[in-house]
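Note on naming: letters A, B, ... go to the chains in the order of the sequence lines (proteins, then strands), and numbering restarts at 1 for each one. Values reported hereafter were calculated over all heavy atoms of this structure, with side chains retained and with hydrogens, waters and symmetry mates removed. Please read all numbers here as calculations on a predicted model, not as lab measurements.
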Protein chains: 2
Amino acid sequence: MPVSAAPPRKRRKEARPSELTAAALELFVEKGFAATRLEDIAVRAGVSKGTLYLYFDSKEALFKAVIQEGLVPALAEAESLAAGHAGSAFELLQALIEGWWRLVGETRYSGIPKLMIAESRNFPEVAQFYYENVVQRGRALFAAALQRGMDSGEFRRRDVATCIDVIIAPVLMLIVWRHSLAHCLLVQQEPRTYLAMHLDLLRQGLLGDATGSP
Amino acid sequence: MPVSAAPPRKRRKEARPSELTAAALELFVEKGFAATRLEDIAVRAGVSKGTLYLYFDSKEALFKAVIQEGLVPALAEAESLAAGHAGSAFELLQALIEGWWRLVGETRYSGIPKLMIAESRNFPEVAQFYYENVVQRGRALFAAALQRGMDSGEFRRRDVATCIDVIIAPVLMLIVWRHSLAHCLLVQQEPRTYLAMHLDLLRQGLLGDATGSP
DNA sequence: TACGTTAATGACTCACTGGTCATTAACGTA
DNA sequence: TACGTTAATGACCAGTGAGTCATTAACGTA
């Protein structure tokens, strides 16, 4: 009887890839691409390093898979959410921010923006993909809401593209913050309070005279 | 006569450290800590790797020096700028954001927030330093402006701590964006336009009834 | 000019990790 | 139960890069 027997192997071809990308996401977000060891990813996924190479050609291929799977589903859901919305433009904006928090902020995928910020310049192709398939689609979602509000006179007229980025920044910063400095500080700000404040300021900032003075 | 003579050495004990931290800052911001080679830093600073070790004990020590020198002087300048300001609270806010852009956004130090976002969790001690000596001091600057505006009735009453973070987020995001995704896209947004939009939305969001309805 | 001090160098070491592959064993099937 | 397929393993290899140190040469001084 061996003192410490190796745990019995399991053959789970179907489940491995997603378990590996899940483990990789966590570690890439925490440490960054270069500082993450494949060995650690494998261990976290409950396999050996060799197994990882059955499913991914290289460390970089694994990284690409993590980004490609990451936010695209959440975005699709957000798009259908927006399509089925019936309230005012501001309520839609509110729903989008709320949805962003529920679909991304509270999930493990909230780490992806931090990861892309850190690694964009090391992986321009991945950055390109992320820009086209996440950033632009996310912007379009907010842009539609803004445009609708301006056309109906609910919002003041402003440059939509610029306006979007200003509106999204606090929402993005919130999750980036929680995955970076906040992790070392135990000074957890309450996310809902923060988002409510953002919407409160926004309500006054967007609503108004409707004259569209530039 | 040697075909390719090594360039003559120069003895410049005083200048080396700052040249090394400058080179290190650029490369750490671009690639991250782990993916940056000390050899590359040395070459960019015009010295050999051995020389680097005359001035810094280790790669991590160099990193700490980069962060510690980085934003502290700019912050001191911003503090004196705020102390000498005489206009309305909103004008002070405007001046702070303008100053932030001039003193940080347009300099090489604008990369530091991106760097800290990427590396905080790998260097909790450095994160702690950064939080206490940069984040908190920066917040205090904005907090004073906000508090003044609320006390005088210029701004609506809101929770100052939360409000600050919402206000700072777009300003921070602007420079983070420029050091990450924007670098791969050539889709350069005009920073001044963006900041003007932020202030425009803010003016409406902060100013108002002064009744302080929560 | 000759000499001593020390800034600067770059070849070297060694630990580490991405990637490989021969071997092992889990599981379905006959 | 016996056997074949293939998922899984982990020892191994090779390239890389942080950190060292004996040697070199710049510069101030006598």
Tyr53(B) side-chain proximity, nearest of dA8(D), dA8(C), dT20(D): dT20(D)
Contiguous Watson-Crick or G-U pair runs (3 or more, under 3.5 Å) in DNA chain C: C:1-30 with D:1-30
Contact summary for Ala89(B) and Ala145(B), nearest pair of heavy atoms: CB-O, 3.7 Å
Side chain Lys49(A) and base dG10(D) donor-acceptor under 3.5 Å: no
Thr51(A) side chain near dT9(D) phosphate (N/O to OP1/OP2, under 4.0 Å): yes
dA7(C) phosphate, OP1 or OP2, under 4.0 Å from Arg16(B) side-chain N/O: no
Backbone of Ser88(B) reached by a side-chain donor or acceptor of Glu91(B) within 3.5 Å: yes
Lys59(B) side chain, from C-beta outward: closest of dG19(C), dG19(D), dA8(C): dG19(D)
Protein proximity profile, nucleotides 25-30 of chain D - base contact B, sugar-phosphate-only contact S, no contact -, cut-off 4.0 Å on heavy atoms: BBS---
Asp40(B) with Lys31(B): basic N within carboxylate O range, under 4.0 Å: no
Sugar-phosphate, base or nothing in reach of Phe56(A), heavy atoms under 4.0 Å: nothing
Distance below 4.0 Å between Ser48(B) side-chain N/O and dT9(C) OP1 or OP2: yes
Test: Glu30(B) and Arg108(B) ion pair at under 4.0 Å: no
Any donor-acceptor pair under 3.5 Å from His85(B) side chain to Gly87(B) backbone: yes
Six-ring centre of Phe33(B), Lys59(B) cation under 6.0 angstrom, axis tolerance 45°: yes
5'-most by nearest nucleotide on DNA chain D - Phe33(B) or Val47(A): Val47(A)
Sugar-phosphate, base or nothing in reach of Leu54(B), heavy atoms under 4.0 Å: base
Parallel, tilted or perpendicular, as decided by the 30° and 60° cut-offs, for the rings of Tyr131(B) and Trp177(A): tilted
Distance in angstrom units between Arg37(B) CZ and dT16(D) P, rounded: 9 Å
